[in-house]
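For the numbers below, each heavy atom of this structure counts, side chains included, while hydrogens, waters and symmetry mates do not.
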Amino acid sequence: MQPDISPQITAPAGGWAPVTRRQQIAAGVRDSFSAGLGIFPLGIALGLLVVQAGLPWWLAPALSLAAFAGSLDLLLVGMMATVTPLAAVATTALVINFRHVFYAFSFPLHLIRNPVAKAYAVYALIDEAYAVNASLSEAERSAPRTLAMQMACQTYWVGGGLAGVAVGAAMPAPVKGLEFALCALFTVLTLDAFRSRGQIPAVLLAGASVAVALAATPEVAMLTALLLFVGLLLARHALTARRPVAEAADA
């Protein structure tokens with residue numbers, strides 16, 4: 001979502017960037033709105049799952065603050081309800097959240113100078129925050145805008161969890177199907193990022209990586225797909241970097 005905030009300056013990349021710190025914070029909050037439409041319902045699903053699993057209500061906000069990992073939070077509720085061994089919980093968390101290692105390569109952490117603020121940015125680096133940031137040009141990014149967007153996203157998540165607890169306590173029957181919002185949210189964010197960048201080769205490489213991972217290692221498909229996708233991106237970068245050199249040599 002591209003905010004329309006005045007006054008504005010022309011960004012080097014051709015976009016528009018807020019000028020003052022207050023405008024950057026306002027822009028970050030507005031950036032979060034599109035992701036918030038999916039995060040809040042997911043938070044409600046988390047609260048409902050906590051109540052339906054017979055766990056204490058405070059577990060929803062506790063997970064939202066301690067883990068803040070979306071899909072992992074939803075899985076942790078089921079694992080806690082069934083008293084899953086800690087080794088299995090740790091392995092599941094590693095496989096599911098391993099993708100965040102790759103997010104750090106292109107997330108603008110270098111813009112955040114304050115060590116406490118940078119630590120929070122790392123902690124709050126969720127899929128939605130990464131996808132929203134990916135739709136912005138380099139000139140539009142700033143530390144206040146990034147942090148405001150991440151804080152707003154966590155507010156939606158915590159608020160949704162509390163709302164889900166309240167709804168779950170008031171409803172006599174279980175509610176099923178809300179977890180599909182996670183898949184729908186990722187689809188929308190992917191389409192937004194593709195529409196803003198238009199990287200067709202990257203999309204094709206990602207699709208090929210997922211297909212190979214599902215066929216070769218279905219039990220750890222996400223981890224395999226991420227590793228394969230990174231390898232393909234590095235190979236593509238090497239080829240595109242050599243092309244100008246070869247063209248210059250031929251000339």
Side-chain angles (χ1 to χ4, degrees), residues 1 3 18 21-51 55-77 80 93 96-104 106-109 111-136 140-168 178-179 181-186 188-190 192-193:
M1 180 183 296
R21 181 182 181 87
R22 178 176 295 181
Q23 291 171 348
Q24 292 170 2
I25 293 174
V29 174
R30 295 183 64 180
D31 291 340
S32 71
F33 288 165
S34 58
L37 293 175
I39 294 175
F40 190 78
L42 282 176
I44 294 177
L46 174 64
L48 287 171
L49 287 175
V50 168
V51 173
L55 299 172
W57 69 269
W58 51 261
L59 186 62
L63 283 176
S64 300
L65 294 173
F68 189 34
S71 56
L72 178 61
D73 289 356
L74 297 171
L75 286 176
L76 286 177
V77 172
M80 295 176 70
I96 292 179
N97 284 344
F98 188 76
R99 65 190 185 279
H100 290 215
V101 174
F102 302 101
Y103 290 170
S106 54
F107 197 75
L109 294 173
L111 298 177
I112 305 173
R113 305 298 183 185
N114 185 285
V116 176
K118 179 172 288 189
Y120 175 79
V122 173
Y123 152 77
L125 180 50
I126 59 175
D127 302 285
E128 294 82 0
Y130 180 84
V132 170
N133 177 79
S135 66
L136 301 176
E140 293 175 301
R141 298 172 181 173
S142 67
R145 185 169 185 170
T146 300
L147 291 169
M149 180 266 293
Q150 290 183 287
M151 290 179 182
C153 287
Q154 186 166 22
T155 300
Y156 304 144
W157 184 242
V158 176
L162 292 174
V165 168
V167 172
L178 279 178
E179 61 274 10
L182 183 66
C183 179
L185 175 62
F186 287 164
V188 171
L189 292 173
T190 301
D192 284 344

With distance as the sole test, does T146 use its side chain to make a donor-acceptor pair with the main-chain N or O of A143 at under 3.5 Å? no
R21 side chain to P144 main-chain N or O, any donor-acceptor pair under 3.5 Å? no
Restricting to non-hydrogen atoms, name the atom on [X] and the atom on [Y] that form the minimum distance, rounded to 0.1 Å.
X    : Y    : answer
A121 : Q150 : O-NE2, 2.9 Å
C153 : I126 : CB-CD1, 4.2 Å
M80  : L59  : CE-CD1, 3.6 Å
F40  : A163 : CZ-CB, 4.1 Å
P41  : G36  : CD-O, 4.0 Å
P56  : V50  : O-CG1, 3.3 Å

Can you tell if the side chain of L162 reaches within under 4.5 Å of the side chain of P61, non-hydrogen atoms only? yes
Could you go through Y103 and D127, starting from their C-alpha distance and side-chain angles, then the distance that decides it, and tell me whether this counts as side-chain contact (heavy atoms from CB on, under 4.5 Å)? CA-CA 8 Å; Y103 290 170; D127 302 285; 2.4 Å; yes
Rounded distance (nearest 0.5 Å) linking atom [atom1] of [X] with atom [atom2] of [Y]:
X    : Y    : atom1 : atom2 : result
M149 : D31  : CE    : CG    : 6.5 Å
L42  : Y156 : CG    : OH    : 14.0 Å
L147 : Q24  : CG    : CD    : 10.5 Å
Y123 : L65  : OH    : CG    : 5.5 Å
F68  : L125 : CZ    : CG    : 9.5 Å
E128 : W157 : CD    : CH2   : 8.0 Å

Do Q154 and Y120 pair up side chain to side chain, a donor and an acceptor below 3.5 Å, judged on atom types alone? yes
